[in-house]
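Values in this document were obtained by computation on a predicted structure and should not be read as measured data.
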Amino acid sequence: MPTKKCPFSDFPDPFAAAREAEGIQEIDDQGDPVKMVLGHRNVRKSAHDWKTFQSGARPGRIVVPSEVNIRDIRQIPFETDPPEHTAYRALVEAWFRRPLEEAYEAALTELINSELDRALNAGAMEVVHDFALPLQSRALTLLLNCPRQEAEHWIGWGTHVFRSDDDPLDSGKANQLYDYLDAEIARAGKDPENGTDLYAHLLRAEYNGRKLTIEEIKGVMILTFAGGRDTVINAVTNTLAYFAGNPEDLARLKENPDLTTRAVEELVRYFSPLTHMGRVATKDAEVSGCPVAANTRISLAWAAANRDPGVFENPNEVVIERKANPHLGFGFGIHKCLGAPHARQVLKVLINALARRVNKIEVTNYEDNTEQWGEFERKVGFHRLQIQIT
Ligand code: EMZ
């Protein structure tokens with residue numbers, strides 16, 4: 001059954017024509033251009049080829065918009081290449097898979113149900129700030145294994161740690177996060193042997209026969225705070241908007257909860273919370289028949305690849321039971337999202353709770369959050385989503 005197109009639950013694909021024509025499109029970013037790679041095959045191929053397209057460039061340069069002017073700390077393992085990347089990732093991989101444990105899922109279920117209690121009691125809310133942001137922050141305390149109370153502080157930082165309403169690259173905001181992390185690492189450093197949070201885990205870790213430096217620990221923590229923030233907030237908000245516009249899908253999930261796992265993947269494909277991520281060419285190369293000069297940037301446009309009609313049938317429809325779903329919503333290759341197990345669990349538990357407990361979601365007002373990439377205008381979520389929920 002085709003998706004009913006509601007203005008708020010429809011996320012159009014702005015890349016269709018360019019993906020079909022050249023498959024690559026250059027955009028400007030603060031004077032450091034980026035060639036966006038748009039087709040599924042070429043995005044995967046370039047992501048796989050880390051020797052040619054590196055992540056360990058100047059800190060902040062692989063992010064689009066570039067963050068070179070607001071930070072000089074390398075995010076780890078995200079802004080490194082093998083062999084360093086392999087060793088760093090090994091230190092954190094098991095920790096970031098804890099979301100798959102039963103006790104973690106139980107705690108997350110309790111947490112999300114109490115957020116939903118709050119929403120149902122109120123009957124109406126603004127989803128981005130009153131639901132998705134607090135949910136993301138409180139769920140993050142599970143990933144860090146730190147007191148739930150810490151989240152109240154993070155909620156005050158807003159939906160992005162480096163962006164504010166009037167400044168897409170806010171160095172003041174970045175410094176607030178850095179100061180907070182310095183204090184937290186110092187706190188954990190007083191008793192690293194007995195600590196049970198991520199800071200203590202990192203303080204105890206051995207990297208190539210030595211302890212991590214404070215700078216490296218900070219690099220991991222910045223990524224943990226920044227990488228899963230606006231992305232998770234958008235995914236949660238968009239999920240509520242989607243079910244408001246497509247109540248029949250929520251009803252199907254209620255009848256058939258086994259579909260939830262597939263629904264999570266399909267919604268991540270459709271929303272693609274992170275539009276793209278950059279790489280820097282280590283040598284002259286070619287992508288999609290287009291030359292890429294050494295030391296220039298490409299970006300792997302996950303969002304464009306995820307609507308590639310050569311890979312996905314009816315790419316612009318949400319097909320919650322979609323079987324083969326090789327989407328790139330969590331990236332691809334050695335850098336694929338470290339936080340994906342946590343994000344998937346958040347969405348799974350949320351969708352289960354909505355299907356079991358919610359009869360109706362009605363959108364009463366909203367303001368889209370659209371990104372502008374050169375000529376492409378892409379809806380990625382909402383600035384505001386006002387709903388009634390029963
Ligand atoms: C970086 C990035 C990571 C970047 C997976 O994405 O997320 C962005 O939101 C941050 O601004 O610094 O962490």
Side-chain angles (χ1 to χ4, degrees), residues 3 5-16 27 29-30 34 36 63-67 70 115 119 124-137 139-140 154-170 173-174 225-246 267-278 299 301-304 306-307 316 318 329-330 337 339 343 346-347 350 361-387 389:
T3 316
K5 300 279 180 191
C6 281
F8 52 84
S9 61
D10 187 25
F11 289 72
D13 168 27
F15 303 109
I27 61 164
D29 172 24
Q30 303 160 76
V34 181
M36 294 181 74
V63 182
V64 195
S66 168
E67 294 172 351
I70 56 163
E115 297 297 323
M125 65 175 172
E126 195 286 292
V127 179
V128 178
H129 298 91
D130 298 343
F131 186 76
L133 170 62
L135 190 161
Q136 184 277 340
S137 290
L140 188 62
W154 310 337
I155 291 168
W157 296 345
T159 52
H160 200 288
V161 294
F162 296 130
R163 294 180 205 154
S164 50
D165 287 344
D166 43 6
D167 190 352
L169 293 164
D170 186 333
K173 247 186 132 168
F225 274 97
R229 194 164 182 88
D230 53 319
T231 44
V232 170
I233 291 168
N234 283 332
V236 167
T237 307
N238 298 353
T239 296
L240 268 78
Y242 179 75
F243 288 126
N246 301 273
L267 290 173
V268 171
R269 179 191 72 83
Y270 186 69
F271 300 145
S272 295
L274 183 69
T275 301
H276 55 166
M277 185 50 72
S299 83
W302 319 118
N306 282 346
R307 300 293 181 96
N316 299 313
V318 173
F330 289 114
C337 180
V346 167
L347 290 177
L350 174 67
I361 307 174
E362 217 174 332
V363 173
T364 53
N365 209 338
Y366 67 96
E367 189 192 333
D368 284 343
N369 177 359
T370 51
E371 300 173 337
Q372 192 75 43
W373 305 109
E375 69 189 40
F376 305 121
E377 189 180 302
R378 173 169 195 258
K379 172 171 171 177
V380 68
F382 297 85
H383 288 301
R384 271 180 322 108
L385 178 72
Q386 193 72 44
I387 63 163
I389 183 165

- Note on the structure: Minimal heavy-atom distance between Ala226 and Val161, with the atoms involved, is CB-CG2, 3.5 Å
- Item | Pair Arg384 + Glu367: basic N to acidic O under 4.0 Å | yes
- Item | Pairwise distance CD(Gln372) to CD(Glu377) - rounded to 0.5 angstrom | 5.0 Å
- Item | Side-chain touch Ser137/Trp157, heavy atoms, less than 4.5 angstrom | no
- Task: May I ask you to test the Ile27-Glu375 pair for a side-chain heavy-atom distance under 4.5 Å?
- Result: no
- Okay, side chain of Asp13, backbone of Asn316: is any donor-acceptor separation there less than 3.5 Å? no
- Side-chain heavy atoms of Val236 within contact of Leu350, under 4.5 Å: yes
- Item | Atom pair CZ/CD of Arg163 and Glu67 - distance to nearest 0.5 Å | 7.0 Å
- Query: Ignoring hydrogens and geometry, is there a side-chain-to-backbone donor-acceptor pair from Asn238 to Val380 under 3.5 Å?
  - Reply: yes
- About how many Å separate CG of Leu133 and CH2 of Trp154, when rounded to the nearest 0.5 Å? 12.0 Å
- Note on the structure: Between Tyr242 and Ser9, the two heavy atoms sitting closest are CA-CB, 3.8 Å
- Roughly how far, to the nearest 0.5 Å, is the OG1 atom of Thr237 from the OH atom of Tyr366? 14.5 Å
- Item | Close side-chain approach of Arg307 and Phe11, heavy atoms under 4.5 Å | yes
- Item | Considering all heavy atoms, the nearest Pro12-Asp10 contact | CD-O, 3.4 Å
- Message: Do Val64 and Met36 make a side-chain contact, defined as non-hydrogen atoms from C-beta onward lying under 4.5 Å apart?
- Response: no
- Verdict with reasoning, Asp230 to Phe162, per side chain to side chain contact (heavy atoms under 4.5 Å, CB included): CA-CA 10 Å; Asp230 53 319; Phe162 296 130; over 6 Å; no
- Task: Would you mind reporting whether Asn246 and Val318 have side-chain heavy atoms less than 4.5 Å apart?
- Result: no
- For the pair Arg229 (side chain) and Gln136 (backbone), establish whether a donor and an acceptor sit closer than 3.5 Å, ignoring hydrogens and angles. no
- Reference residue Lys379; test side-chain hydrogen bond (donor to acceptor under 3.5 Å, both in side chains); the match among Asp368, Thr370, Asn369: Asp368
- Test log, rule side chain to side chain contact (heavy atoms under 4.5 Å, CB included), inputs Leu267 and Leu347: CA-CA 9 Å; Leu267 290 173; Leu347 290 177; 5.7 Å; no
- Item | Close side-chain approach of Thr275 to Trp373, heavy-atom, < 4.5 Å | yes
- Message: Determine whether Val127 and Phe382 satisfy the following criterion, side chain to side chain contact (heavy atoms under 4.5 Å, CB included), listing intermediate values before the conclusion.
- Response: CA-CA 9 Å; Val127 179; Phe382 297 85; over 6 Å; no
- Item | Shortest non-hydrogen contact between Ser272 and Trp302, atoms and distance | OG-O, 4.2 Å
- Message: Just verifying a value: how many Å separate Ile361 CD1 and Ile389 CD1, rounded to the nearest 0.5 Å?
- Response: 4.5 Å
- Message: Are the side chains of Val346 and Leu135 in contact, using a 4.5 Å heavy-atom criterion?
- Response: yes
- Task: With side chain to side chain contact (heavy atoms under 4.5 Å, CB included) as the test, would you mind laying out the steps for Thr159 and His129 before giving the verdict?
- Result: CA-CA 8 Å; Thr159 52; His129 298 91; 4.2 Å; yes
- Message: To the closest 0.5 Å, what do you measure between CE (Met125) and CG (Leu385)?
- Response: 8.5 Å
- Item | Nearest atoms (heavy-atom pairs only) where Arg378 meets Pro14 | CB-CG, 3.8 Å
- Message: To check you understand the geometry: which heavy-atom pair defines the closest contact between Ala244 and Phe8, and what is its length?
- Response: CB-CE1, 3.9 Å
- Message: Treating Glu362 as the side-chain partner and Thr364 as the backbone partner, does any N or O pair qualify as donor plus acceptor under 3.5 Å?
- Response: no
